[in-house]
Amino acid sequence: MPTDDPPETFHVTTDEQLRAVSNLTRHRIMAALRFEPATITQIAERVGLAKGSSSYHVRLLERVGLVKVVRTRKVRGVTERYYAMAARSVVLPDPGEGGPDVLMRHAVADLEASSADGERHVRMAHLRLTEEQFAELGARLEALADEYRKLSDPSLPDASLVFALFHPAPRDQTTGGAK
């Protein structure tokens with residue numbers, strides 16, 4: 001286990017870091033490391049990659065500061081490295097108007113890859129809220145996610161919670177939004 005407590009957040013600030021987290025394979029590697037450190041071999045098994053591919057992606061994540069070596073041990077003369085997330089959460093920059101929202105794209109890919117036989121709660125709701133209600137709902141959703149994240153037990157199966165509260169782009173009223 002890591003000897004030091006990781007910081008709460010890692011803010012993605014460079015283009016190199018953004019490119020690193022924009023890759024779905026690296027996103028899944030970071031998800032595999034969110035609760036406990038792992039070796040390249042363990043990461044490869046968890047994510048379903050070849051060891052060489054796993055090593056490439058982990059080293060790239062390490063180079064940009066998103067993961068770090070938290071422990072080493074000698075195994076038959078070879079140094080085995082255990083990697084962990086550099087922080088409990090990663091904060092991405094606002095994609096800006098029309099920019100791709102990497103987090104949502106990865107969430108949809110993960111949802112699509114999840115077992116259709118398993119229990120899932122997926123819902124979209126269209127709301128009309130005052131700015132105060134909008135801010136309150138956002139704060140409540142974040143607090144609920146934080147509350148359950150603190151309850152997470154690494155021995156239990158993974159569950160992902162993704163939410164997006166936003167004001168959609170205004171539709172062209174004359175065409176009803178169709179183009």
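In this chain, numbering begins with 1 at the start of the sequence shown. Computed over heavy atoms, backbone and side chain alike; hydrogens, waters and symmetry mates excluded.
In this structure, Ser22 contributes its side chain and Leu18 its backbone to a donor-acceptor pair below 3.5 Å. The backbone N or O of Val21 lies less than 3.5 Å from a partner atom in the side chain of His106, making a donor-acceptor pair. Checked by atom type and distance alone, the side chain of Ser115 pairs as donor or acceptor with a backbone atom of Asp117 at under 3.5 Å.
Among pairs with a residue in residues 42-64, those fulfilling salt bridge (Lys or Arg N to Asp or Glu O under 4.0 Å) read Glu16-Arg63, Glu36-Arg46, at least two apart in sequence or across chains. Residue pairs meeting the salt bridge (Lys or Arg N to Asp or Glu O under 4.0 Å) criterion with at least one member in residues 72-85, sequence neighbours excluded, are Arg73-Glu80. For residues 113-147, the ring-ring contact (aromatic ring centres under 6.0 Å, His included) pairs, not counting sequence neighbours, are Phe134-His167. Screening residues 125-136 for salt bridge (Lys or Arg N to Asp or Glu O under 4.0 Å), with sequence neighbours left out, gives Glu136-Arg140. Listed by first and then second residue, the ring-ring contact (aromatic ring centres under 6.0 Å, His included) pairs that reach into residues 50-79 come to none, sequence neighbours excluded.
In terms of heavy-atom proximity, Arg149 sits nearest to Ser89 at NH1-CB, 4.4 Å. Taking both residues in full, the closest heavy atoms of Gly65 and Ala86 are given as O-CB, 3.1 Å, listed atom of the first, atom of the second, then distance. Leu161 approaches Ala145 most closely through the heavy-atom pair CD2-CB, 3.7 Å.
Remark: Phe163 CZ is packed, more than 12 non-hydrogen atoms of other residues, nucleotides or ligands lying under 6.0 Å away.
With respect to Ile29, the side-chain contact (heavy atoms from CB on, under 4.5 Å) criterion is satisfied by exactly one of Leu24, Asn23, Val58: Val58.
Interatomic distance, OH of Tyr82 versus CG of Leu33, reported as 12.5 Å (0.5 Å rounding). Atom CZ of Phe35 and atom OG of Ser152 lie 4.0 Å apart (nearest 0.5 Å). One distance of note links CE of Met85 with CG of Leu66; it measures 6.0 Å at 0.5 Å rounding. From Ile43, atom CD1 reaches atom CG of Leu61 across 9.0 Å, with rounding to the nearest 0.5 Å. To the nearest 0.5 Å, atoms CZ (Phe10) and CE (Met30) are separated by 9.5 Å. Rounding to the nearest 0.5 Å places CG of Leu60 at 11.0 Å from CD of Gln17.
Scored by the side chain to side chain donor-acceptor pair (under 3.5 Å) test, Asp15 finds no partners at all (sequence neighbours excluded). A search for side chain to side chain donor-acceptor pair (under 3.5 Å) contacts involving Ser155 returns Asp153, not counting sequence neighbours. Scanning for side chain to side chain donor-acceptor pair (under 3.5 Å) contacts around Ser114 gives Arg120, with sequence neighbours left out. Under the rule for a side chain to side chain contact (heavy atoms under 4.5 Å, CB included), the partners of Glu112 that lie at least two apart in sequence or sit in another chain are Val108. For Arg28, the salt bridge (Lys or Arg N to Asp or Glu O under 4.0 Å) partners are Asp110, not counting sequence neighbours. With sequence neighbours excluded, the residues forming a side chain to side chain contact (heavy atoms under 4.5 Å, CB included) with Leu137 are Leu127, Leu129, Leu141, Leu165, listed by chain and number. Not counting sequence neighbours, the partners of Ala164 by the side chain to side chain contact (heavy atoms under 4.5 Å, CB included) test are Met104, Phe166.
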- Between Val69 and Tyr83, is a side-chain contact (heavy atoms from CB on, under 4.5 Å) present by the stated rule, with each step listed? CA-CA 4 Å; Val69 175; Tyr83 295 88; 3.5 Å; yes

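Using a 4.5 Å cut-off on side-chain heavy atoms (C-beta onward), Val12 and Pro93 make contact.
Under the 4.5 Å side-chain heavy-atom criterion for grouping Ile, Leu, Val, Met, Phe, Trp and Tyr, Leu144 is connected to Leu151 within one hydrophobic cluster.
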